Amino acid sequence: MQLADILTNPVTQRLSQSKFCITVALVATTFALIWEVVHGRATEWLYGLYLAAWVTHAQASKRAAISRDALPQPANQPKGDEQ
């Protein structure tokens, strides 16, 4: 796995808008969490919301992938992110 795989579609090797948005959101929320910890303002609610947001995203993404893979695909269309 290469660092570019975080932002690219594995089928087309082009920049994936959805992967880009998720990566930016992860970096921004992680930075905000670290900022609050460094400044001594972090609470258990902040940790909980951060974890809940990313666990929920991961589970929703897996569920969508499982549902997508269960559908029959046309012979000429590849599976995966089409962006």
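Values in this document were obtained by computation on a predicted structure and should not be read as measured data. In this chain, residues are counted from 1 in sequence order. Atoms considered below: every heavy atom in the structure, side chains included; atoms not considered: hydrogens, waters and symmetry mates.
Judged by distance alone, with hydrogens and angles left aside, the side-chain atoms of Lys19 form no donor-acceptor pair with the main-chain N or O of Ile6 at under 3.5 Å. A donor-acceptor contact shorter than 3.5 Å is absent between the side chain of Asp69 and the backbone of Ile66.
Cluster annotation: Leu26 and Phe20 are assigned to distinct hydrophobic clusters (Ile/Leu/Val/Met/Phe/Trp/Tyr, side-chain heavy-atom contacts under 4.5 Å, transitive). A chain of hydrophobic side-chain contacts below 4.5 Å, direct or via other Ile, Leu, Val, Met, Phe, Trp or Tyr residues, connects Leu33 to Trp54. Side-chain heavy atoms closer than 4.5 Å link hydrophobic residues (I, L, V, M, F, W, Y) into clusters, and following such links, possibly through other members, connects Val24 to Leu15.
Remark: Ala42 pairs with Glu36, Val37, Leu46, Tyr47 by the side-chain contact (heavy atoms from CB on, under 4.5 Å) rule, at least two apart or across chains.
Rounding to the nearest 0.5 Å places OG of Ser18 at 10.0 Å from CG of Leu7.
Within a 6.0 Å sphere centred on CZ of Arg41, other residues, nucleotides and ligands contribute more than 12 heavy atoms.
With contacts defined as side-chain heavy-atom distances shorter than 4.5 Å, the pair Lys62/Ser67 does not qualify. Taking the side chain as every heavy atom from C-beta outward, His57 and Ile22 approach each other to under 4.5 Å.
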